[in-house]
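Everything numeric here is computed off the predicted structure, so don't read it as measured data. Chain identifiers are assigned alphabetically (A, B, ...) following the order of the sequence lines, protein sequences preceding nucleic acid strands; residue numbering begins at 1 within each chain.
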Protein chains: 2
Amino acid sequence: MGKKKETITIYDVAREAGVSMATVSRVVNGNPNVKPVTRKKVLETIRNMGYRPNAVARGLASKKTTTVGVVIPDISSAFFAELTRGIEDIANMYHYNIILCNSDLKKEKELRLIETLLEKQVDGLLFLGGEVTDEHRDIFAGSSVPIVLAATYDDEDESRPYVTIDQVQAAKDATSVLIEEGHDKIGLIGGPLTDPILGYPRYQGYKEALEEKGLPLREEWVRLGDYRYHSGLQSAKELLTGDEAPTALFVINDEMAVGAIHAAQDLGKKVPDDVSVIGFDNIPLADQVRPLLSTVAVPMYDIGAVAMRLLTKYMNDEPIQENQVLLEYRLELADSTLTKETQTG
Amino acid sequence: MGKKKETITIYDVAREAGVSMATVSRVVNGNPNVKPVTRKKVLETIRNMGYRPNAVARGLASKKTTTVGVVIPDISSAFFAELTRGIEDIANMYHYNIILCNSDLKKEKELRLIETLLEKQVDGLLFLGGEVTDEHRDIFAGSSVPIVLAATYDDEDESRPYVTIDQVQAAKDATSVLIEEGHDKIGLIGGPLTDPILGYPRYQGYKEALEEKGLPLREEWVRLGDYRYHSGLQSAKELLTGDEAPTALFVINDEMAVGAIHAAQDLGKKVPDDVSVIGFDNIPLADQVRPLLSTVAVPMYDIGAVAMRLLTKYMNDEPIQENQVLLEYRLELADSTLTKETQTG
DNA sequence: CTGTTAGCGCTTTCAT
DNA sequence: ATGAAAGCGCTAACAG
């Protein structure tokens, strides 16, 4: 496949065009200090010879790779796929490429990947969605490469840049929607409370909303899932069975929320008449279910885009006004709850 | 962020450990020709000094980057996200990293990205989902880097490696399910017929199935969408209105198929009692809708994984038995059609 | 505007 | 088992 082309270098082009390597380099890099005639001649021989610049050599000499590393939990999750799309679009806009790595939220894998990316001399690093531990901090501190967190944050390092949303407040707002709808038996389908990024804060928001309105937080109305559809389906089946069943569910991500809707329907309950459901994230699925899912619209694409943009600023030593960004979210109230209004936080 | 660490090189380690650069290099690369004592000492000073190998320098010297380029239409599509996951898992297994690029199926963007990836000296390239034109072939031919196609193929270049499924046969099988269910008014929601990768072949399969059974292909039962949910919703609304409406729909991807189910339900029709729907791809959504969607299960993850594995073989000059692979698909018959059986092709 | 000359940090013969 | 030395292809002063 492809001929074993003897690599043609900048030196070959220089010789052929009758100029120096430096001049060819200048032409290739768009340096204005080249006489138009010379430029033309060089460009011509470049085309004729089929010369293609070697970015690795350039990287070694210039100490810039125009490549950034992205460590993400799982690209097959709709949430992170959308986020990654935001990252890549901005990266592309600024002429960077991204090396994409799935971490599965495994700490050891995360650390290994970060190490590899640093070895590959990425100009910057985006760390998404995982918890930042001391070991992460050690490796971050040992490098001079700018690192920005996205869809997570580091509560132990006040200076670490991040882009995310206020998880607690958003969860609180979502729960409040159900309360204001008149519900006083509100269940939760959450994530592991040991998850400091999503599971715990969203639980916390639920709790705070109930406390504020003087509603009881009953253990039997709480289930902790694994963020997947079937987990939501199963959890809701349990919650909605029995006579003291909640009449509303706050489900901390859309996939589980849609599972909850289907569970209710399987049990012969109408959504939202018999049970209201509000989700979280606003992945496309929220709009591809009947009834349409009310949810917290997280600006996934923007989180990625803003984080990448912030990273470019670090990489180019641009002035930075704000390096810890809480993006706005919206309550997207559709048909799985009753009320119709929009708030923002 | 991070101290401006003066880069410590293999030379520094060598000096500090009292050995030569070559020896350090051997240790770092696991070359067995190093006395255990020496190895130990070197490893120790590496740890003490916090030495991190520079993969760019290594890449320049060795002409290997252990990085592969991946050009994909859109990472935010469930289909390609899953495929990419398969790619990355295998890449990771063989110690490669991937540079991920979204092409949006725009030819110019594809060509530009491929060019950039080759400049970055990727060891191999995976080109996904797009059409291979003469310009693609030119650039492919001008490089000695192995290139494998995934979820697409090149009908003009008989030697170009690829991994995909038999689109025509699969579409034919899906349509046949509806026919065998007793339907004779079978509509199609397809993609653009100008799309040689999905739109046309899946249409072709539909057509062949009808012809084979002597059923009429009626223009008014065909709608061409854009693969998105709303397009399926809208198309189905049009198809299912009127008295000569089809009683079954073959929808060429799941997203549109779910849209079609919802359209039917919105029109007060029951699925599958009033109208059967069969989709294509078997993305997670197919399992997150009621009724559960019958569909053609495409081994998305495997297409990516097998393509990546094939690429590693090229990159390591391993013997290759089969470089053009048609993976098997299954008919996943669930609740949006009546019959219950499984075939494979 | 153009050329010369050092490296960038590592791998890789070739000796020893 | 280990070292010396020549590049890999390019950028970046520094001259002129």
Enquirer: Roughly, in whole Å, what's the span from NZ in A:Lys64 to C1' in D:dA12?
Expert: 13 Å

Enquirer: Atom CG of A:Asn31 to atom P of D:dC10: distance rounded to whole Å?
Expert: 16 Å

Enquirer: Identify every side-chain donor-acceptor pair in residues 30-41 of chain A under 3.5 Å, counting partners at least two apart or on other chains, and give the distances.
Expert:
residue : atom : partner : partner atom : Å
A:Asn31 : OD1  : A:Asn33 : N            : 2.7
A:Arg39 : NH2  : A:Asn31 : O            : 3.1

Enquirer: How many angstroms lie between NE2 in A:His136 and NZ in A:Lys107, if you round to the nearest 0.5 Å?
Expert: 7.5 Å

Enquirer: How about B:Glu322: does its CD atom have over 12 heavy atoms from other parts shown lying under 6.0 Å from it?
Expert: yes

Enquirer: Go through the steps for A:Asn316 and A:Tyr94 under the test side-chain hydrogen bond (donor to acceptor under 3.5 Å, both in side chains), then give the verdict.
Expert: CA-CA 11 Å; A:Asn316 300 312; A:Tyr94 285 86; over 6 Å; no

Enquirer: With respect to B:Tyr96, which candidate in B:Thr67, B:Asp123, B:Val122, B:Leu311 satisfies the side chain to side chain contact (heavy atoms under 4.5 Å, CB included) definition?
Expert: B:Asp123

Enquirer: Which parts of nucleotides 7-16 of chain C does protein reach within less than 4.0 Å, heavy atoms only, written one letter per nucleotide 5' to 3' as B for base, S for sugar-phosphate only and - for none?
Expert: BBBBBB----

Enquirer: Distance check needed: C:dC1 P versus A:Arg39 CZ, whole Å only.
Expert: 9 Å

